[in-house]
Amino acid sequence: QLQASGGGLVQAGGSLRLSCAASGGTLRNYGLGWFRQHPGKEREFVAAIHWSGGTTSYADSLKGRFTISRDNAKSTLSLQMNSLNAEDTAVYYCAKSLQGYSGVVAHYDFWGQGTEVTVSS
């Protein structure tokens, strides 16, 4: 089971750090990703990371503001989000990849329950 946490209410320009932990298993051997979903819209790619942690991928619009990282020893995944704006308001999900560390929703087979981020302007 994946458990995402760290969401909350933050002012525009602020930062949040999301975390994702695995219970009952390990994330060590899998590519992992963060996705988000705005109300009434489809889930969209945020960032992904290779199982080794050595390679990352980001949605173009988020590069430079968001940083994905992982700690395989602790089996945790993180997303540091800086310079937040109202468009970042969404529910954020962590997920385990079936195939590498792509940005395709269908390539992920196991999802956390989501953590809500609200950015106030």
Side-chain angles (χ1 to χ4, degrees):
Q1 187 175 8
L2 296 178
Q3 187 91 18
S5 61
L9 176 64
V10 62
Q11 287 190 332
S15 299
L16 276 178
R17 186 176 182 86
L18 306 183
S19 297
C20 179
S23 60
T26 180
L27 300 176
R28 187 174 306 165
N29 301 319
Y30 302 98
L32 302 172
W34 286 100
F35 292 77
R36 67 185 185 184
Q37 191 164 16
H38 297 97
K41 295 190 176 181
E42 293 186 354
R43 201 163 292 187
E44 66 179 26
F45 173 65
V46 171
I49 188 166
H50 188 263
W51 69 265
S52 68
T55 310
T56 56
S57 175
Y58 295 91
D60 287 342
S61 62
L62 302 177
K63 286 179 182 177
R65 293 197 299 122
F66 287 18
T67 303
I68 189 172
S69 61
R70 66 189 297 163
D71 184 334
N72 282 341
K74 297 180 180 178
S75 202
T76 57
L77 174 71
S78 297
L79 183 70
Q80 178 67 39
M81 306 186 296
N82 298 326
S83 302
L84 288 163
N85 58 61
E87 293 181 351
D88 297 317
T89 294
V91 177
Y92 285 72
Y93 298 89
C94 56
K96 179 184 76 67
S97 176
L98 277 168
Q99 304 180 28
Y101 58 107
S102 81
V104 178
V105 171
H107 290 176
Y108 289 77
D109 66 335
F110 206 71
W111 295 81
Q113 86 287 2
T115 184
E116 188 168 3
V117 172
T118 303
V119 182
S120 64
S121 55

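Numbering starts at 1 and runs along the sequence shown. The structure displayed is predicted, hence computed values, not measured ones.
- Partners of Lys63 according to the salt bridge (charged side-chain N to carboxylate O under 4.0 Å, His left out) rule, which considers only residues two or more places apart in sequence or in another chain, are Asp60.
- One distance of note links OG of Ser19 with CG of Leu79; it measures 9.5 Å at 0.5 Å rounding.
- For an aromatic pair to be called close, the ring centres must be under 6.0 Å apart, and Phe35 with Tyr108 satisfies this.
- Between the side chain of Tyr58 and the main chain of Ile68, a donor-acceptor pair closer than 3.5 Å is present.
- Annotation: the span from Leu18 atom CG to Gln80 atom CD amounts to 8.5 Å, rounded to 0.5 Å.
- For the atom pair Leu84 CG and Thr118 OG1, the distance stands at 11.0 Å (nearest 0.5 Å).
- Put simply, CZ on Phe45 and NE2 on His107 are 12.0 Å apart, with the number rounded to the nearest 0.5 Å.
- Side-chain contact between Asn72 and Tyr30 is absent, with no heavy-atom pair separated by less than 4.5 Å.
- Across every non-hydrogen atom of Thr115 and Gly7, the tightest pair is OG1-N, 3.0 Å.
- Atom CH2 of Trp51 has 12 or fewer heavy atoms from other residues, nucleotides or ligands within 6.0 Å.
- Phe110 is connected to Ile49 through a chain of hydrophobic side-chain contacts under 4.5 Å among Ile, Leu, Val, Met, Phe, Trp and Tyr, so both are in one cluster.
- Val10 is connected to Trp34 through a chain of hydrophobic side-chain contacts under 4.5 Å among Ile, Leu, Val, Met, Phe, Trp and Tyr, so both are in one cluster.
- Residues Val117 and Leu77 share a hydrophobic cluster, clusters being chains of Ile/Leu/Val/Met/Phe/Trp/Tyr side chains in contact below 4.5 Å.
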I'd like a table of donor-acceptor pairs (distance under 3.5 Å, sequence neighbours excluded) in which one partner is a side-chain atom from residues 87-97, with atom names and distances.
residue, atom, partner, partner atom, Å
Asp88, OD1, Arg36, NH1, 2.9
Asp88, OD1, Arg65, NH2, 3.0
Asp88, OD2, Arg65, NH1, 2.8
Asp88, OD2, Arg65, NH2, 3.4
Asp88, OD2, Asn85, N, 2.9
Thr89, OG1, Ala86, O, 3.2
Thr89, OG1, Val119, N, 2.9
Tyr92, OH, Arg36, NH1, 3.0
Tyr92, OH, Asp88, O, 2.7
Lys96, NZ, Asp109, OD1, 3.0
Lys96, NZ, Asp109, OD2, 3.2
Ser97, OG, Gln99, N, 2.9
Ser97, OG, Gln99, O, 2.9
Ser97, OG, Gly100, O, 2.9

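- Residues passing the side-chain contact (heavy atoms from CB on, under 4.5 Å) test with Ala21 are Thr76, sequence neighbours excluded.
- For the pair Ser78/Arg17, a side-chain contact is recorded, criterion being any heavy-atom separation below 4.5 Å from C-beta on.
- We find the CZ-CG distance between Arg70 and Leu32 to be 4.0 Å, quoted to the nearest 0.5 Å.
- To the nearest 0.5 Å, the span separating CZ on Arg28 from CG on Asp71 amounts to 9.5 Å.
- A donor-acceptor pair is defined here as one N or O able to donate and one able to accept, closer than 3.5 Å; no such pair exists between the side chain of Trp111 and the backbone of Leu2.
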